[in-house]
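Take a look at the structure below.
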Number of protein chains: 2
Amino acid sequence: MQDHLIREFMLHFGEMGSRWGINRTVGQIYAVLFLSEAPLCADDLVTVTGFSRSNVSMGLKELQGWNLVSIRRIEGDRRDYFATPEDMWKIVRTLIAERKKREIDPTLSKLRELELSTRSESYSARRLTELREMIETMTEFYEEMNRIETKRLVALMKAGNRIGRLVGKTGQIIPFGRQRSDEAEEAGG
Amino acid sequence: MQDHLIREFMLHFGEMGSRWGINRTVGQIYAVLFLSEAPLCADDLVTVTGFSRSNVSMGLKELQGWNLVSIRRIEGDRRDYFATPEDMWKIVRTLIAERKKREIDPTLSKLRELELSTRSESYSARRLTELREMIETMTEFYEEMNRIETKRLVALMKAGNRIGRLVGKTGQIIPFGRQRSDEAEEAGG
DNA sequence: CATGAATTTCAGAAATTACTGAAAACTGCG
DNA sequence: CGCAGTTTTCAGTAATTTCTGAAATTCATG
């Protein structure tokens with residue numbers, strides 16, 4: 001019924017796919033599944049996207065590798081059906097976790113490995129250490145945030161500018177009620 | 001001097017480049033600049049990477065498009081020299097801002113456009129609205145975080161598990177000293 | 001354990017992207 | 001202006017990635 005919407009979004013997601021490190025096929029398949037209330041089978045996706053059956057199969061495989069779709073079986077139907085999670089925040093968590101795994105973790109490993117294999121005090125060695133430390137700070141923060149249940153996480157994000165006020169330059173959590181101005185805390189520390 | 005380090009890191013970054021939506025050339029060039037204390041000129045990069053002069057030129061152009069390198073002039077030398085910021089956190093901010101611009105913003109625009117052009121109450125329409133709202137929540141949070149000066153931001157990130165405790169399920173900031181357990185706050189609300 | 005529907009694999013074709021060398025276009029300087 | 005050094009452009013080639021159809025495999029079911 002809202003065919004235009006689905007089609008437009010599917011094409012857009014396909015285009016974006018290339019910027020996201022997945023390809024057009026995968027992007028389009030995901031978009032269609034994402035907008036479908038009922039799970040879809042591979043043939044449905046062939047019909048909607050116009051890709052070959054084998055291409056759809058590979059795309060679905062890749063999406064499963066990303067943990068972005070789940071397989072469902074339908075009573076008395078031998079085909080596999082695919083669906084995305086209802087919960088949008090679950091999707092985003094998965095996406096971030098998978099991108100981290102692919103884009104950050106290998107570099108972190110490499111940095112650790114390089115640090116172990118050298119005893120240099122050169123600029124480049126120091127720079128690599130600094131990079132590793134920064135990545136560790138960020139990933140630890142990410143892991144901390146990711147531990148928070150969704151309701152609270154959303155509340156935290158919506159707390160907006162109150163967040164920045166909570167932390168002084170030295171990292172202490174500023175007691176509630178003393179977050180009015182930057183100076184107040186400076187004077188107190 | 002620490003040639004091995006530079007070489008290994010350069011090759012690794014080149015490989016990773018493809019996962020990051022930049023290509024091998026760009027990744028390697030960036031890696032070398034990142035590890036170099038002094039700015040380098042294009043010919044230096046040709047020597048180190050082994051790429052053709054024109055390829056290096058294009059790679060540098062792309063890095064400039066990402067705001068990841070700056071041009072420096074050296075007294076009495078007509079060549080352009082290139083450098084990355086000393087400040088690691090500045091680099092990461094740039095990287096995130098640029099990825100957001102390329103990977104998020106176009107989709108946000110498209111979602112807004114699609115919402116304006118339809119009056120449907122279908123599942124897919126609702127799903128798109130929910131997606132837009134989620135992206136807006138996240139980008140607004142990002143913008144808030146990005147407004148915080150680096151020292152504080154790092155302190156905040158290192159505050160670790162204290163952060164999650166600060167926010168109740170309804171989004172209120174919990175007074176300091178009452179963050180001990182999940183139940184305490186539940187009882188108080 | 002045979003059947004046939006459904007899925008996956010895979011080799012090659014098609015499309016896209018990366019890379020190069022040569023030529024053109026800058027740029028500061030005598 | 002004209003020259004030499006430097007950078008950029010661009011058309012063609014190389015390399016990689018995506019996509020397909022056909023064949024092989026899997027698997028629930030009789």
Side-chain angles (χ1 to χ4, degrees), chain A residues 10-33 38-66 69-83 102-103, chain B residues 10-33 39-66 68-83 102-103:
Chain A
M10 173 185 88
L11 294 175
H12 172 80
F13 235 64
E15 290 310 311
M16 293 305 287
S18 54
R19 303 191 189 185
W20 275 81
I22 60 175
N23 61 32
R24 194 167 53 103
T25 313
V26 174
Q28 289 197 19
I29 290 173
Y30 187 79
V32 173
L33 288 176
L40 301 177
C41 70
D43 291 320
D44 296 334
L45 292 165
V46 168
T47 305
V48 182
T49 63
F51 294 124
S52 73
R53 183 56 234 271
S54 56
N55 202 3
V56 167
S57 176
M58 287 163 122
L60 285 167
K61 256 299 150 71
E62 184 160 356
L63 284 171
Q64 285 171 261
W66 279 76
V69 300
S70 57
I71 302 185
R72 310 279 181 77
R73 304 307 302 260
I74 287 182
E75 194 65 28
D77 191 329
R78 289 168 61 174
R79 289 171 294 183
D80 290 336
Y81 283 77
F82 299 86
R102 290 167 171 75
E103 302 181 357
Chain B
M10 174 185 87
L11 293 176
H12 172 79
F13 235 63
E15 290 311 310
M16 294 304 288
S18 54
R19 303 191 190 186
W20 277 81
I22 61 175
N23 61 32
R24 194 165 54 102
T25 313
V26 175
Q28 289 197 18
I29 290 173
Y30 187 79
V32 173
L33 288 175
L40 301 177
C41 70
D43 291 320
D44 295 333
L45 292 165
V46 168
T47 306
V48 182
T49 63
F51 295 125
S52 72
R53 183 55 234 270
S54 55
N55 202 4
V56 166
S57 176
M58 287 166 125
L60 285 167
K61 257 292 148 74
E62 184 160 355
L63 284 171
Q64 285 171 261
W66 280 75
L68 283 169
V69 299
S70 56
I71 302 185
R72 309 280 181 76
R73 305 306 303 259
I74 288 182
E75 193 65 27
D77 191 330
R78 288 169 61 176
R79 290 172 293 185
D80 291 336
Y81 283 78
F82 299 86
R102 287 166 173 75
E103 302 181 359

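When reading the values below, keep in mind they use all heavy atoms of this one structure, side chains included, and skip hydrogens, waters and symmetry mates. Letters go in sequence order (proteins before strands), and every chain restarts at 1. Just so you know, these numbers come straight off a predicted model, no measurement behind them.
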Below 4.0 angstrom, which residues in residues 47-56 of chain B have at least one non-hydrogen atom near DNA chain D?
B/Arg53, B/Ser54
If only atom types and distance count, is the side chain of B/Thr47 paired as donor or acceptor with the main-chain N or O of B/Asp43 below 3.5 Å?
yes
Expected output is a numbered-order residue list: members of residues 12-33 of chain A with a heavy atom under 4.0 Å from any atom of DNA chain D. What is it?
A/Asn23, A/Arg24, A/Thr25
Supply the atom-to-atom distance A/Tyr81 OH to A/Ile71 CD1, rounded to the nearest 0.5 angstrom.
13.0 Å
Rounded to whole angstrom units, what separation is found between the CE atom of A/Met58 and the C1' atom of C/dC10?
8 Å
For A/Asp80, answer base if it contacts any base atom (sugar-phosphate contacts may also be present), sugar-phosphate if it contacts only those atoms, and nothing otherwise; contact means non-hydrogen atoms under 4.0 Å.
sugar-phosphate
Without decimals, in angstroms, what is the distance between B/Asp77 CG and D/dA4 P?
18 Å
Heavy-atom distance under 4.5 Å between the side chains of A/Leu33 and A/Leu45, does that happen here?
yes
Any donor and acceptor pair, going by atom type alone, linking the side chain of B/Arg73 with main-chain N or O of B/Arg78 inside 3.5 Å?
yes
Can A/Glu62 and A/Tyr30 be said to form a side-chain contact (heavy atoms from CB on, under 4.5 Å), step by step?
CA-CA 10 Å; A/Glu62 184 160 356; A/Tyr30 187 79; over 6 Å; no
To the nearest angstrom, the CD1-P distance between A/Ile74 and C/dA5 comes to 19 Å
Could you tell me how far apart B/Lys61 (NZ) and C/dA18 (P) are, to the nearest whole angstrom?
18 Å
Would you confirm whether A/Arg72, through its side chain, and A/Ala83, through its main-chain N or O, come within 3.5 Å as a donor-acceptor pair?
no
So CD of B/Gln28 and CE of B/Met16: to nearest 0.5 Å the spacing works out to 13.5 Å
If I take atom CD1 in residue A/Ile71 and atom P in nucleotide C/dA6, what distance separates them, rounded to the nearest angstrom?
15 Å
Taking atom P of D/dT8 as reference, at what distance in whole Å does atom CG of B/Asp43 sit?
12 Å
Check whether any side-chain heavy atom of B/Phe51 lies under 4.5 Å from a side-chain heavy atom of B/Met58, and answer yes or no.
no
Report the distance from atom CG of A/Leu40 to atom CG of A/Asp80, rounding to the nearest 0.5 Å.
12.5 Å
Kindly indicate, with the supporting measurements, whether the criterion side-chain contact (heavy atoms from CB on, under 4.5 Å) is fulfilled by A/Val26 and A/Trp66.
CA-CA 11 Å; A/Val26 174; A/Trp66 279 76; over 6 Å; no
In whole Å, I'd like the distance from the CD atom of B/Gln64 to the P atom of D/dT7.
11 Å
Rounded to the nearest Å, what distance is computed from the CD atom of residue B/Glu62 to the P atom of nucleotide C/dT17?
12 Å
Taking all atoms of both residues into account, what is the closest heavy-atom pair of B/Gly65 and B/Arg102, and its distance?
O-NH2, 3.6 Å
How would nucleotides 24-30 of chain C be written as a contact map, 5' to 3', with B for base contact, S for sugar-phosphate-only contact and - for no contact, using protein heavy atoms under 4.0 Å?
---BB--
